[in-house]
There are 2 protein chains.
Amino acid sequence: MADARTPRELDEVVDGLLEVAKRTHVVMVSVAARHDLTAQQVGLLRVLDEPVSMRAFAEELSCDPSNVTGLVDRVERLGLVDRVADPDDRRIRMLTLTPKGRRLREKINAEVARDLAAALGLEPEDHGRVLRLIASLTPTDATPPPRP
Amino acid sequence: MADARTPRELDEVVDGLLEVAKRTHVVMVSVAARHDLTAQQVGLLRVLDEPVSMRAFAEELSCDPSNVTGLVDRVERLGLVDRVADPDDRRIRMLTLTPKGRRLREKINAEVARDLAAALGLEPEDHGRVLRLIASLTPTDATPPPRP
DNA sequence: AGGAAAAGCTTGACTTCCTCAAGTATTCGT
DNA sequence: ACGAATACTTGAGGAAGTCAAGCTTTTCCT
């Protein structure tokens, strides 16, 4: 409807979101580095509250399965994760935290929360608003949109 | 104190923010791929509304300057950016869009806005709320470089 | 049941991104 | 004027990503 305001505003919203994403990434990298890990390795730990197949994790990351092979190789070498064969389907390897991996996961999650709150200036009284906003944004169905 | 609610809520906020960051990244990668670029290359184009030194861009990315050398090499090879010598300080190379680069930048910015809005389910009536929230979050002073 | 197709993972070749250490040019400070 | 700092590049090397090809196991079809 030839509304000139909306696109202009949208540009500012995009800038803001990209800024938030950038700071989030910087936090992930710096928390990871503190434990001699990479941001993706921390991402893997975060997902592994419960075991997940390599295939499922590749989809979570929107990446090729062969990429996950290398990622898991490195994390397994650190003794944080095991590949556990699924008894019902021997093609599947379930990624499972070792006790060491689980301890590190708890510690790292706490640090991510603390540092991210600091990086964004998140105050406790903001939580409600942010949660409501996030809930309304992400269209809970994880539909990755442009599927031509 | 000893408020058990706050940390629990904070965890949900963190999850939401990471989800937003993830979708943002997916959008950047897919827009970039559509033009045979990478997400970082698109990031460079976005920054170059006006010329920027390599040093400044490395700080923007929080990365080592030598990384920018390679990044710019590739984008220069595509004819999107030029290294222009600064007449006042011959150490400095100002990154400058070529006409081709500028045209591509406009097109890509529009696509990022459109696809990001779709990926997050951003409605025009959300803009105001998002903008206010973003403004209150990011501790406005984006204090990157104390400029001597 | 038996064989082709599909699913889950790995391997190998290759690119990009990224860091660190070292090196070159240029400018700044005293 | 000379040493220190700044801006960038180069080279070595790791992590992360893609694609194509291959192996094993499961599923599907008839």
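Quick note on labels: first sequence line is chain A, next is B, and so on, each numbered from 1. Predicted, not measured: the structure shown is a model, and the values here were computed from it.
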Worksheet entry | hydrophobic_cluster_shared for B/M54 and B/M94, side chain cutoff 4.5 Å | no

Item to complete: Ignoring hydrogens and angles, tell me if any N or O in the side chain of B/D82 forms a donor-acceptor pair with the backbone of B/V84 under 3.5 Å.
Response: no

Worksheet item: When you measure from the side chain of B/D126 to the backbone N and O of B/E123, does any donor-acceptor pair fall under 3.5 Å?
Response: yes

Practice prompt. Determine whether B/L122 and A/L10 make a side-chain contact, defined as any pair of heavy atoms from C-beta on separated by less than 4.5 Å.
Written response: yes

Worksheet item: Whole Å only: how far is the CG atom of A/L44 from the C1' atom of D/dA15?
Response: 14 Å

Worksheet entry | Integer-rounded Å distance: C/dC9 C1' and A/D73 CG | 11 Å

Discussion item. How many whole angstroms separate atom CZ of A/R93 from atom P of C/dT10?
Written reply: 6 Å

Worksheet item: Do B/I92 and B/V81 belong together in a cluster built from hydrophobic side chains that touch within less than 4.5 Å?
Response: no

Practice prompt. In whole angstrom, give the distance that lies between atom CZ of B/F57 and atom P of D/dC8.
Written response: 12 Å

Response to the item:
To the nearest angstrom, the CD1-C1' distance between A/I92 and C/dA7 comes to 9 Å

Worksheet item: Hey, any chance A/L44 and A/L61 share a hydrophobic cluster, counting ILVMFWY side chains that come within less than 4.5 Å of each other, even indirectly?
Response: yes

Worksheet, complete the sentence: Atom CG of A/D36 and atom P of D/dG14 are separated, to the nearest Å, by 15 Å

Fill in: Heavy-atom donor-acceptor pair, B/R105 side chain to B/R46 backbone, under 3.5 Å
yes

Item to complete: Taking atom CD of B/E50 as the centre, report whether more than 12 heavy atoms of other residues, nucleotides or ligands fall under 6.0 Å from it.
Response: no

Worksheet item: Quick one: bend of the helix from C/dA1-D/dT30 to C/dT30-D/dA1 from 5 pairs per end, to 10°?
Response: 30°

Item to complete: State whether the side chain of B/R102 and the backbone N or O of B/D49 hold a donor-acceptor pair below 3.5 Å, judged by distance alone.
Response: yes

Worksheet item: Rounded to whole angstroms, how far apart are CG on A/L37 and C1' on D/dG14?
Response: 15 Å

Item to complete: Would you mind building the protein contact string for nucleotides 13-20 of chain C? One character per nucleotide, 5' to 3', B for base within reach (heavy atoms under 4.0 Å), S for sugar-phosphate only, - for untouched.
Response: ---SSBBB

Grab the N/O contacts between the protein and nucleotides 21-26 of chain D below 3.5 Å, and write none if there aren't any.
residue: D/dT26; atom: OP1; partner: A/R90; partner atom: N; Å: 2.9

Item to complete: Any chance you could measure B/R93, atom CZ, to B/D86, atom CG, to the nearest 0.5 Å?
Response: 11.0 Å

Worksheet item: What's the CZ-P distance between A/R83 and C/dG8, to the nearest Å?
Response: 16 Å

Worksheet entry | Donor-acceptor contact below 3.5 Å, side chain A/R23 vs main chain A/A119 | yes

